[in-house]
Protein chains: 2
Amino acid sequence: MAIKDSNTEQLIKDTAKRIFFAEGKLHATTQDIADAAGVSRTSLHYYFRSRDLLLKQVFNDALTGLTKQLYALMEAEMDFKEKIRQLIDLFLTETIAFPYREIFLITEMLDGDADIYVQKEKGASKMAAFLKQIEAEMEMGTISKMDPTQFMMNIMALNSHPLVMRPLHKQMFNLTDAEYMKKMDERKKIICDLILK
Amino acid sequence: MAIKDSNTEQLIKDTAKRIFFAEGKLHATTQDIADAAGVSRTSLHYYFRSRDLLLKQVFNDALTGLTKQLYALMEAEMDFKEKIRQLIDLFLTETIAFPYREIFLITEMLDGDADIYVQKEKGASKMAAFLKQIEAEMEMGTISKMDPTQFMMNIMALNSHPLVMRPLHKQMFNLTDAEYMKKMDERKKIICDLILK
DNA sequence: ATATTGTTTGACAAATTTGTCAAACAATAA
DNA sequence: TTATTGTTTGACAAATTTGTCAAACAATAT
């Protein structure tokens, strides 16, 4: 038997992720993906049976990739402000690598008008625990008081949004790519300053 | 001649906007749009010739809808902090009505891998003028100093992102729709507080 | 060597989506 | 009335996208 030395399956999935998460081509066809991976479209069907099943795997990987490290950091034992700083750093790094991952998730959830994907998100309890910690730190005066959920939403928004909106913001603010990335680098400090009072 | 009493053309375009901007169904077909508008797909072709031309109109309307009121407010003469407050209010109101309008623009720009749309954005000068005003106010100490572009990005991010991410945030934070909208209402004040030092 | 198993692909078929056209229809003008 | 013009649609055609299948291929086991 020919054992898979090149691992085509992983190559196809990684290529799909690159196209969807990094390049933001949400309308990509199986042909687009196969071409980008340098394999025939039939290979894609051999490993994933259908476009739909490939997308389901990509979807689940997106959810995992988005939450896994995040939740791990939330549970970590360390100085609270330092934890927030690392959270912002992690979020920004991930978003630079995969700016459109969240959007992929959202659009996939919305156009199969079902909330079929809602399950298995057992991370909600970890988030809840972290929200409690935030609240406690607010009571202690480490950071200024507000609804902890809003606090988290602020962090996510400040990190994600500018990277997603890059094509639009580039012309609104009349920026080159180099200037844009420079601003994104500077953002880490700006966000920390804004969030940490 | 039969003058258009019902204005099917506008109905079709408005329906398309609703599907794309409000419902976030970025993969909607011409059939989806025609069905939702209660007309035949042929009518859509009668008025717009092709799917592509309809989308181009919708795209331009999205750009206009996003920037027109915004730029008008930026140019208005009024107390600076009040202007910022109204800016946040306008942004939030618009985003609640059309959460996925920006995403539609972005994905359309990205998957026709060209920057064909880049032109005609003559609003960049208005934005530049407003950035200058922000900088001046920072010098005067009205708000704390930072890169004015980053200041604007912060406002946009804090407004838009949570509404776009609603399907995901709902389960991450374990919220009902009612709870979610309540938080969105509360956000106006939270964002003002955060932005206006 | 041959057999066996897994991989890859081209050629074909099915399904979906988009585009075209002529006919039916409605409303007013003459 | 009939004619004219604009609107709407069903039926058909074309194009695109997805899915299937048998054959070719590669690598190892016997």
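Note: hydrogens, waters and symmetry copies are ignored here, and every other heavy atom, side chains too, is used. Within every chain, numbering begins at 1; the chains are lettered A, B, ... in the order of the sequence lines, protein sequences first and strands thereafter.
- The phosphate of dT8(C) (OP1 or OP2) has no side-chain N or O of Tyr46(A) nearer than 4.0 angstrom.
- Distance Tyr47(B) OH to dT18(C) C1': 20 Å, rounded to the nearest Å.
- The base of dG19(C) does not come close enough to the side chain of Thr42(B) for any donor and acceptor atom to sit less than 3.5 Å apart.
- With salt bridges taken as basic N to acidic carboxylate O contacts below 4.0 Å, one links Lys182(A) and Glu186(A).
- Within the nucleic acid shown, Ser43(A) comes within 4.0 Å of at least one base atom, counting heavy atoms only.
- For the OP1/OP2 pair of dT8(D) and a distance below 4.0 Å, the side-chain nitrogens and oxygens of Ser40(B) include no atom meeting the criterion.
- With hydrophobic clusters built from ILVMFWY side chains whose heavy atoms lie under 4.5 angstrom apart, Leu53(A) does not share a cluster with Ile12(A).
- Distance CZ (Phe48(B)) to C1' (dT17(C)): 18 Å, rounded to an integer number of Å.
- The interatomic distance linking Asp52(B) (CG) with dA15(D) (P) rounds to 16 Å, in whole Å.
- Between Ile33(B) atom CD1 and dT17(C) atom P the separation is 12 Å, expressed in whole Å.
- Here Thr29(B) lies in heavy-atom contact (under 4.0 Å) with sugar-phosphate atoms only.
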- Message: Under the criterion side chain to side chain contact (heavy atoms under 4.5 Å, CB included), I'd like the reasoning laid out for Met74(B) against Met152(B): C-alpha separation, chi angles, the key distance, then a yes or no.
- Response: CA-CA 11 Å; Met74(B) 284 179 183; Met152(B) 280 305 297; 3.7 Å; yes

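- Within the shown strands, dT9(C) is the pairing partner of dA22(D) under the Watson-Crick or G-U definition, both distances less than 3.5 Å.
- Residues Gly38(B) and His45(A) each lie close to DNA chain D; by heavy-atom proximity, the contact nearer the 5' end of the strand is made by Gly38(B).
- Atom pair Gln31(B):CD and dA11(D):C1' shows a separation of 14 Å (rounding to whole Å applied).
- Atoms CG and CD1, from Leu26(A) and Ile106(A) in turn, are 11.5 Å apart once rounded to the nearest 0.5 Å.
- Rounding to whole angstrom units, CZ of residue Arg41(A) and P of dT9(C) are separated by 12 Å.
- Separating the CG atom of Leu44(B) from the P atom of dG19(C) is a distance of 9 Å, rounded to the nearest angstrom.
- Remark: side-chain polar atoms of Gln150(A) are not paired, donor with acceptor, to backbone N or O of Asp147(A) under 3.5 angstrom.
- Atom CG in Asp35(B) sits roughly 15 Å away from atom C1' in dT8(D) (whole-Å rounding).
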